[in-house]
There are 2 protein chains.
Amino acid sequence: MMEHELFNIGQAAVKSGISAKMIRHYEDVGLIPKASRTFSGYRLYNNRDIHMLRFICHARDLGFSIKQISELVGLWSDKDRASSKVKALVRDHIIALDEKILSLNTMKIQLEHLASCCNGDSRPECPILEELSA
Amino acid sequence: MMEHELFNIGQAAVKSGISAKMIRHYEDVGLIPKASRTFSGYRLYNNRDIHMLRFICHARDLGFSIKQISELVGLWSDKDRASSKVKALVRDHIIALDEKILSLNTMKIQLEHLASCCNGDSRPECPILEELSA
DNA sequence: CATTAACCTTCCAATGATAGCAAGGTCAAT
DNA sequence: ATTGACCTTGCTATCATTGGAAGGTTAATG
């Protein structure tokens with residue numbers, strides 16, 4: 001027997017790890033389908049909805065964009081998907097992460113070099129500023 | 001003899017590496033002082049202005065935020081600054097970069113693990129989606 | 001039954017750095 | 001005089017998220 005409990009947006013937020021604010025936003029931008037409503041207009045979520053929200057939460061924690069998550073949700077919902085499509089999405093994201101990490105790391109190395117050249121005392125002489133200024 | 005050439009915003013953009021758009025924006029938000037103007041309203045930049053823009057460009061390339069760059073510009077302009085203040089700013093930024101790198105790296109490792117578990121073929125079985133869904 | 005607290009609703013605005021467009025004015029050369 | 005390349009302002013968008021205001025609903029309490 002499937003349970004058919006219904007939750008309002010606040011409970012769905014707690015259960016899914018996504019804020020009520022963001023759940024509404026995801027509905028606005030079409031990432032999730034429009035929630036059904038009570039007579040008085042409150043959104044209602046069932047266990048399947050919350051399952052999808054949790055899926056989205058995990059994907060978000062891995063740094064996927066809304067657009068990518070939208071594609072992932074599509075594949076997730078398609079029982080005939082090819083797993084190669086999922087893997088390709090993941091690979092693309094890994095590459096993007098790599099580029100970002102590389103870029104940040106380059107900055108870090110340069111900054112560490114600058115910092116190591118600066119006495120960091122009460123005097124005004126500062127190789128860091130001189131470098132930035134050059 | 002100091003040169004006192006004057007440049008319009010397009011020339012300043014080319015010379016500094018910051019787009020005209022962003023130069024105006026930096027003026028709007030108070031990062032740089034309001035430029036002087038020709039009679040007809042065009043902004044004018046001298047060599048000192050462009051020097052400051054180049055300083056900003058370098059700082060930006062190192063990932064400093066506008067707010068941090070604002071502080072750096074302040075210290076740069078203050079001939080009596082203590083170099084320790086500059087170094088502290090740099091150290092804080094290095095720490096922030098480290099945190100970001102760590103976070104991205106954690107994502108990457110998890111994704112690589114997921115990808116390695118997925119066949120990536122034409123069949124629908126996909127451990128990646130199963131994991132995200134769990 | 002009235003009040004109150006904790007919900008919910010929509011709409012609007014802000015973040016940070018950047019880019020785009022549109023409508024219009026200016027400048028220099030042809 | 002016209003043209004093209006520049007400049008001006010102002011508004012819009014991106015991306016993911018948060019905040020607030022103003023108002024309606026629900027559930028429990030006195």
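Of the side-chain N and O atoms in A:Arg37, none sit less than 4.0 angstrom from OP1 or OP2 of D:dG24. In this structure, A:Ser40 does not reach the D:dG24 phosphate: none of its side-chain N or O atoms is under 4.0 Å from OP1 or OP2. Residue B:Arg24 places none of its side-chain N or O atoms closer than 4.0 Å to OP1 or OP2 of C:dA17. In this model, the phosphate group of D:dT17 is approached by a side-chain N or O of A:Tyr26 to a distance below 4.0 Å at OP1 or OP2.
Rounded to whole angstrom, the span from the CD1 atom of A:Ile18 across to the P atom of D:dT17 amounts to 8 Å. As rounded to whole Å, 13 Å separates atom P of C:dC8 from atom CZ of A:Phe7. If you measure from atom CZ of A:Arg43 to atom P of D:dT26, you get 15 Å, rounded to the nearest angstrom. Going from atom CD of A:Gln68 over to atom C1' of D:dT14 covers 15 Å, rounded to whole Å. Atom-to-atom, NZ of B:Lys21 to P of D:dC6 comes out at 15 Å; the value is rounded to the nearest Å. In this structure, the CE atom of B:Met22 is 14 Å from the C1' atom of D:dT14, given to the nearest Å. The nearest whole Å value for the distance from the CG atom in A:Asp28 to the C1' atom in C:dT10 is 10 Å. C:dT9 atom P lies 8 Å from atom CG of A:Asn8, rounded to whole Å.
For the residue pair B:Leu62 and B:Leu97, the shortest heavy atom distance occurs at O-CD1, 4.5 Å. In this structure, A:His113 and A:Ser116 approach most closely via the heavy-atom pair O-OG, 2.7 Å. For the residue pair A:Cys118 and B:Lys87, the shortest heavy atom distance occurs at O-NZ, 2.6 Å.
Counting any heavy atom pair closer than 4.0 Å across all strands shown, B:Phe39 reaches no nucleic acid atom. Residue contacts shown for B:Ser65 are limited to sugar-phosphate atoms, with no base heavy atom under 4.0 Å away. Within 4.0 Å (heavy atoms only), B:Thr38 reaches no atom of the nucleic acid at all.
Rounded to the nearest 0.5 Å, atoms CE (B:Met52) and OH (B:Tyr45) are 12.0 Å apart.
Taking the six-membered ring where the residue is Trp, B:Phe55 and B:Trp76 present parallel rings, their angle staying beneath 30° rather than reaching 60°.
With the nearest nucleotide of DNA chain D identified for both A:Ile66 and B:Tyr45, B:Tyr45 has the one nearer the 5' end.
For B:Ser19, whose side chain is taken as the heavy atoms from C-beta onward, the closest listed nucleotide among C:dT26, C:dA19, D:dG24 is C:dA19.
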